[in-house]
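Below is one structure; the comments refer to it alone.
Every heavy atom of this structure was used, including side-chain atoms; hydrogens, water molecules and symmetry mates were not.
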Protein chains: 2
Amino acid sequence: MGISDRKEREKQEMRKLIMNAAMEMFVKEGYEKTSLRNIADKIEYSPATIYLYYKDKDELLWGLQAEAFGKLNEIFQTSVTATDPVKQLEQLTKTYVEFGMNNPDLYDLMFIIRSPMNVKDDESWQNGSNAFKFLTDVIERCGDRLRYKDAKTAALSCWAMVHGLVSLNVRGRCKVLELPGEEDINKILIQSVDEYIELITR
Amino acid sequence: MGISDRKEREKQEMRKLIMNAAMEMFVKEGYEKTSLRNIADKIEYSPATIYLYYKDKDELLWGLQAEAFGKLNEIFQTSVTATDPVKQLEQLTKTYVEFGMNNPDLYDLMFIIRSPMNVKDDESWQNGSNAFKFLTDVIERCGDRLRYKDAKTAALSCWAMVHGLVSLNVRGRCKVLELPGEEDINKILIQSVDEYIELITR
DNA sequence: TTTAATTACTGAACACTGTTTAGTAAGTTT
DNA sequence: AAACTTACTAAACAGTGTTCAGTAATTAAA
């Protein structure tokens with residue numbers, strides 16, 4: 001059955017072709033400009049063809065989301081290098097903030113946009129879950145060096161803090177801060193994370 | 001010039017008619033269903049008419065945003081009743097979280113959606129700025145009872161925390177938490193806020 | 001009071017969006 | 001060579017925000 005094997009291979013290649021085009025479009029042109037028609041144009045196929053490989057736009061976005069979470073996990077792996085778990089937490093949170101600020105569109109897709117993150121037990125949810133597990137593991141290793149009652153709420157709070165900082169910025173809500181002069185917003189965020197880590201450790 | 005006065009009055013009434021219809025639609029049907037055509041249908045005018053009173057959809061959204069911020073300010077005023085500034089901060093943060101959880105669509109419009117919050121010196125920005133000032137004022141009154149270096153970063157961090165909690169929930173990102181049983185997510189959030197307040201006070 | 005100018009409004013169109021369906025052309029099997 | 005299956009697309013549907021020419025009513029000027 002070599003033919004059906006090849007057919008299956010070609011099908012996966014086509015899925016990848018669509019996926020890659022969508023991803024490239026997404027990081028280059030942003031969410032708004034990434035329509036099915038534009039993607040179809042890019043890969044020189046009809047828009048209807050995409051529907052033969054993906055149920056709808058949401059399914060495509062889940063794919064992008066999965067890749068983005070994978071990327072985040074990779075960065076975590078390479079950036080969190082310390083042996084001290086508290087130091088690890090510091091590296092983790094800063095890495096998170098930097099990732100969000102450097103990849104606003106991907107961050108959007110992963111943590112802000114409405115549609116995805118709906119279905120359980122798919123790749124996207126798996127990768128997202130892994131990233132969160134990375135955080136909870138670090139926090140658990142911190143043990144009683146964190147001034148938190150249990151690891152679960154500690155993880156939630158910690159995540160909420162960094163996500164709050166990033167998402168307020170990504171969606172331009174930090175103008176009310178009225179930063180004096182041309183202070184780098186990126187540094188202020190990192191500083192806030194620093195202060196937070198200091199605050200929750202004893 | 002009584003005529004032009006009446007004309008101006010009628011113009012404002014029309015603006016209000018559109019605004020109210022849009023707001024009603026927004027809180028009842030959500031953002032997705034609130035299209036210009038639907039609004040126009042509701043007030044029994046042509047969609048084109050709306051453009052005679054609002055430059056575009058964004059301008060309309062700014063109006064809604066302004067009202068929502070006004071509403072939030074009101075709630076702040078009636079809910080923050082304590083004399084102790086730290087207690088005030090606790091009331092403020094909890095009120096914020098509850099507002100977000102009870103009015104997800106409005107919260108969306110105020111703190112998540114992309115388009116608005118662009119232009120300075122308009123009503124929406126004013127009201128948003130006021131809400132933030134409410135927070136910074138409370139924090140300043142707390143003085144050295146907060147374990148923060150300066151009031152500004154304290155305010156940012158505090159806001160980031162509550163916004164993080166609410167927005168992760170509003171956009172359904174808290175499923176990774178894997179809450180045991182049917183625990184009320186609302187209570188967990190309030191609990192997290194509690195713990196945070198406790199954490200930053202000495 | 002009749003005519004001219006201004007105002008308020010709309011129908012229809014434009015350029016998009018995601019999505020579905022009927023039909024075609026090629027590849028595969030019999 | 002005929003029958004079947006697969007891969008693909010043109011065209012349409014229903015929706016979006018937005019613009020513009022044209023109409024009817026109101027106001028101002030003659």
Provide, to the nearest angstrom, the distance between the NZ atom belonging to K57(B) and the P atom belonging to dC16(C).
-> 19 Å
Salt bridge D84(B)-R145(B), side-chain N to carboxylate O under 4.0 Å | yes
Is any side-chain heavy atom of Y31(B) closer than 4.5 Å to a side-chain heavy atom of L61(B)?
-> yes
Spacing of R9(A) atom CZ relative to dT6(D) atom P, expressed in whole Å | 18 Å
Taking only N/O atoms, report every protein-nucleotides 5-9 of chain C pair under 3.5 Å with atom names and distance.
| residue | atom | partner | partner atom | Å |
| --- | --- | --- | --- | --- |
| dC9(C) | OP2 | Y53(B) | OH | 2.4 |

Heavy-atom pair of closest approach, residues T83(A) and Q88(A) | O-NE2, 4.0 Å
For the pair made of CD1 in I39(A) and P in dT19(C), what is the distance, rounded to whole Å?
-> 11 Å
Atom CG of D58(B) and atom P of dT16(D) are separated, to the nearest Å, by 17 Å
May I ask you to verify if any side-chain N or O of N38(A) is less than 4.0 angstrom from the OP1 or OP2 atom of dC16(C)?
-> no
N169(A) and R173(A): side-chain contact (heavy atoms from CB on, under 4.5 Å), yes or no, with the steps?
-> CA-CA 6 Å; N169(A) 262 281; R173(A) 255 65 174 190; over 6 Å; no
Can you check the R37(B) CZ to dT10(C) C1' distance for me, whole Å?
-> 13 Å
Under 6.0 Å between ring centres, would you say that holds for F69(B) and F111(B)?
-> yes
Got L89(A) and R141(A) here, is their nearest side-chain heavy-atom distance under 4.5 Å?
-> no
Starting at atom NZ of K33(B), determine the distance to atom P of dA14(D), rounded to an integer number of angstrom.
-> 16 Å
Starting at atom CZ of R15(A), determine the distance to atom P of dC8(D), rounded to an integer number of angstrom.
-> 14 Å
Taking side chain as C-beta onward, heavy atoms only, is T201(A) less than 4.5 Å from R147(A)?
-> no
Are a donor atom and an acceptor atom from the side chains of Y96(B) and Y107(B) found within less than 3.5 Å of each other?
-> yes
Given pairs defined as Watson-Crick or G-U wobble with both distances under 3.5 Å, what dot-bracket annotation applies to DNA chain D, with ( ) intrastrand, [ ] crossing, | other strand and . unpaired?
-> |.|||||||||||||||||||||||||||.
Between atom OH in Y54(A) and atom C1' in dG18(C), what is the gap in whole Å?
-> 17 Å
Assert: residue with more 5' nearest nucleotide on DNA chain C, out of K55(A) and S35(A), is S35(A)
Take the angle between the ring planes of H163(B) and H163(A) and call it parallel below 30°, perpendicular above 60°, tilted in between.
-> parallel
